[in-house]
Amino acid sequence: MTTPSLIAADWGTTNFRLFLYDEAGQVIARHAANIGLKNLGVLSFEQALLSVLKGDFAGLEHLPFLLSGMVGSRQGWVEAPYAACPASLQTLADGLVKAPSELDVAIVPGLFAESPGTGLLNVMRGEETQIFGILQSDPSDGFFVLPGTHSKWALVRGGKVESFSTHMTGEMFQVLKAHSILGLLMENSTDNEEVFLKGVERGMYNRAFLSVIFSVRTEALFNHIAPEHLATYLSGILIGAEIVAELERHGKSPVRLVGDGALVDLYEKALAFAGFTDVTRFDGNAASESGLWAIHKLRSSK
């Protein structure tokens with residue numbers, strides 16, 4: 001019989017995933033809930049956390065809690081300041097911040113870094129936990145690509161996150177689709193690989209980005225792309241523009257692609273189209289689980 005020893009969570013703006021670990025670090029229960037930061041309503045963070053301690057998690061309020069993600073932002077429970085890159089797993093353990101609560105709650109810090117060759121500052125919260133989770137089983141150097149609302153490309157050397165860059169690809173897609181003229185002709189989106197790769201190609205090889213995205217409208221007006229495929233085309237343009245920026249900085253380096261679902265499928269196709277021949281996929285949830293336990297072990301060993 002296993003003994004519960006830790007409750008951890010990946011707590012973001014929209015998503016919340018809860019994990020229960022035994023004393024050996026195995027996840028023995030999981031729970032997802034609609035208590036992302038923007039969905040809390042009148043609940044405090046402590047109230048929201050207590051509200052999901054049901055079923056396998058019931059009666060375990062005495063266990064230590066470890067939280068990562070936007071819960072540690074300025075809009076979160078308490079701010080866990082960003083740690084500077086290069087950053088190791090020890091950096092995260094040293095930067096843990098205790099939440100103001102009767103519960104034993106610690107929050108993982110995010111990371112900040114300057115994008116190579118740009119002078120631009122970048123931040124991440126939650127992705128760092130996934131990266132270090134993967135490094136527990138695959139400690140080799142290389143690039144991590146983490147698609148999402150704000151996609152990350154992170155360089156890892158010697159077990160440390162050296163630097164990373166951010167692309168607002170996912171958020172830009174949603175904004176253009178919902179709040180620009182481009183979305184007016186879109187209908188009942190369905191996937192089409194040929195149209196998607198056409199968008200990737202144009203996003204990669206046409207420097208006039210603002211002109212390229214307007215082609216979403218003109219391709220529809222002249223019946224070159226069906227209304228149901230316009231969103232796929234726009235997605236291809238945005239992902240293609242993201243990839244070419246990183247390609248110019250880093251070349252076709254081996255990539256560890258982190259996440260799951262349709263979005264990661266698109267990135268895998270786009271990377272292959274761009275000539276990346278060494279791409280390995282990792283499940284995002286499993287990466288978070290592994291990273292949270294690794295941080296907990298390091299903290300407990302002090």
>> Under the side-chain contact (heavy atoms from CB on, under 4.5 Å) test against L234, which residue among V212, V195, V216 passes?
In response: V216
>> Applying a strict under-4.5 Å side-chain criterion to I, L, V, M, F, W and Y, I'd like to know whether F16 and L53 cluster together.
In response: yes
>> Counting neighbours of CD on E194 that are heavy atoms of other residues, nucleotides or ligands and sit closer than 6.0 Å, is the number greater than 12?
In response: no
>> Distance check, rounded to the nearest 0.5 Å: D10 atom CG versus N285 atom CG?
In response: 7.5 Å
>> Could you go through F19 and L6, starting from their C-alpha distance and side-chain angles, then the distance that decides it, and tell me whether this counts as side chain to side chain contact (heavy atoms under 4.5 Å, CB included)?
In response: CA-CA 8 Å; F19 316 117; L6 172 71; over 6 Å; no
> When you look at CE of M172, are more than 12 heavy atoms from neighbouring residues, nucleotides or ligands closer to it than 6.0 Å?
Replying inline: no
Which pairs would a plain distance check flag for residues 144-154, meaning a side-chain donor or acceptor within less than 3.5 Å of a matching protein atom at least two apart in sequence or in another chain?
{"unit_1": "H150", "atom_1": "NE2", "unit_2": "E171", "atom_2": "OE1", "d": "2.5"}
{"unit_1": "S151", "atom_1": "OG", "unit_2": "G148", "atom_2": "N", "d": "3.2"}
{"unit_1": "S151", "atom_1": "OG", "unit_2": "G148", "atom_2": "O", "d": "3.4"}
{"unit_1": "S151", "atom_1": "OG", "unit_2": "Y267", "atom_2": "OH", "d": "2.9"}
{"unit_1": "K152", "atom_1": "NZ", "unit_2": "V123", "atom_2": "O", "d": "2.4"}
{"unit_1": "K152", "atom_1": "NZ", "unit_2": "T166", "atom_2": "OG1", "d": "2.9"}
{"unit_1": "W153", "atom_1": "NE1", "unit_2": "E242", "atom_2": "OE2", "d": "2.7"}

> Which heavy atom of A83 sits nearest a heavy atom of T91, and at what distance?
Replying inline: CB-CG2, 3.6 Å
>> Counting C-beta onward and ignoring hydrogens, is there a side-chain heavy-atom pair between R299 and P64 closer than 4.5 Å?
In response: yes
> Is any side-chain heavy atom of L63 closer than 4.5 Å to a side-chain heavy atom of D104?
Replying inline: no
> How far does CZ of F164 sit from CZ of F112, to the nearest 0.5 angstrom?
Replying inline: 9.0 Å
>> Is there a side chain to side chain contact (heavy atoms under 4.5 Å, CB included) between V108 and L96? Walk through the geometry before answering.
In response: CA-CA 5 Å; V108 180; L96 291 173; 3.8 Å; yes
> With distance as the sole test, does W11 use its side chain to make a donor-acceptor pair with the main-chain N or O of I35 at under 3.5 Å?
Replying inline: yes
>> When you group the ILVMFWY residues by side-chain heavy-atom contacts below 4.5 Å and let the links chain together, are V78 and L92 in the same group?
In response: no
>> Checking the side chain of S215 only, and the main-chain atoms of T218 only, is there a donor and an acceptor separated by less than 3.5 Å?
In response: no
> Going from NZ on K198 to CG on N192, what distance comes out if it is rounded to the nearest 0.5 angstrom?
Replying inline: 9.5 Å
What pairs of donor and acceptor atoms, side-chain ones from residues 220-228 against any protein atom, are under 3.5 angstrom apart with sequence neighbours left out?
none

>> Can you confirm whether L238 sits close enough to H167 that some side-chain heavy atom of one is under 4.5 Å from a side-chain heavy atom of the other?
In response: no
> Any donor and acceptor pair, going by atom type alone, linking the side chain of S235 with main-chain N or O of T232 inside 3.5 Å?
Replying inline: no
> Do I295 and V258 belong to the same hydrophobic cluster, where Ile, Leu, Val, Met, Phe, Trp and Tyr are linked whenever their side-chain heavy atoms lie under 4.5 Å apart, directly or via other members?
Replying inline: yes
>> Does atom CD (E248) have a neighbourhood of more than 12 heavy atoms from anything else shown, all under 6.0 Å?
In response: yes
> Taking atom CG of L121 and atom OH of Y82, what is their separation to the nearest 0.5 Å?
Replying inline: 11.5 Å
> Is the backbone of A9 close enough, under 3.5 Å, to the side chain of R17 for a donor and an acceptor to pair up by distance?
Replying inline: no
Distance-only check: which donor-acceptor pairs under 3.5 Å involve side-chain atoms of residues 286-294, not counting sequence neighbours?
{"unit_1": "S288", "atom_1": "OG", "unit_2": "G284", "atom_2": "O", "d": "3.3"}
{"unit_1": "E289", "atom_1": "OE1", "unit_2": "R30", "atom_2": "NH2", "d": "3.1"}
{"unit_1": "E289", "atom_1": "OE2", "unit_2": "R30", "atom_2": "NE", "d": "2.6"}
{"unit_1": "E289", "atom_1": "OE2", "unit_2": "R30", "atom_2": "NH2", "d": "3.4"}
{"unit_1": "S290", "atom_1": "OG", "unit_2": "G133", "atom_2": "O", "d": "3.0"}

> Taking the side chain from R281 and the backbone from D260, do they hold a donor-acceptor pair closer than 3.5 Å?
Replying inline: no
>> Could you report the tightest heavy-atom contact between G142 and R256, atom names first, then the distance?
In response: N-NH2, 3.6 Å
> Going through the checks in order, is the side chain to side chain contact (heavy atoms under 4.5 Å, CB included) test met by V161 and E128?
Replying inline: CA-CA 8 Å; V161 178; E128 74 293 322; 5.7 Å; no
> Would you say the side-chain atoms of Q75 pair up with the backbone N or O of S73, donor to acceptor, closer than 3.5 Å?
Replying inline: no
> What distance do S163 atom OG and L155 atom CG have between them, rounded to the nearest 0.5 Å?
Replying inline: 4.5 Å
> Would you say K252 and T277 make side-chain contact, with heavy atoms under 4.5 Å?
Replying inline: no
>> Do V105 and L40 sit in one hydrophobic cluster, given that two such residues count as connected whenever their side-chain heavy atoms are within less than 4.5 Å of each other, even indirectly?
In response: yes
> Transitively linked via ILVMFWY side-chain contacts under 4.5 Å: I239 with L257?
Replying inline: yes
> Quick one: does E219's side chain have a donor or acceptor within less than 3.5 Å of a partner on R217's backbone?
Replying inline: no
> So do D278 and T280 actually touch side chain to side chain, heavy atoms under 4.5 Å?
Replying inline: yes
> Checking S300 side chain against K297 main chain: does a donor-acceptor pair fall under 3.5 Å?
Replying inline: no
> Atom CD1 of I107 and atom OG of S101: how far apart are they, to the nearest 0.5 Å?
Replying inline: 9.5 Å
> Heavy-atom distance under 4.5 Å between the side chains of I7 and F57, does that happen here?
Replying inline: yes
> Can you find a heavy atom in the side chain of V156 that is under 4.5 Å from one in the side chain of E162?
Replying inline: no
>> Counting only heavy atoms not in K98 (residues, nucleotides, ligands), do more than 12 fall under 6.0 Å from its NZ?
In response: yes
>> Could you tell me if the side chain of H229 sits less than 4.5 Å from the side chain of T190, heavy atoms only?
In response: yes
> Can you check whether I28's main-chain N or O pairs, donor with acceptor, with D22's side chain at less than 3.5 Å?
Replying inline: no
> Do you know the tightest heavy-atom contact between L247 and M204?
Replying inline: CD2-CE, 4.1 Å
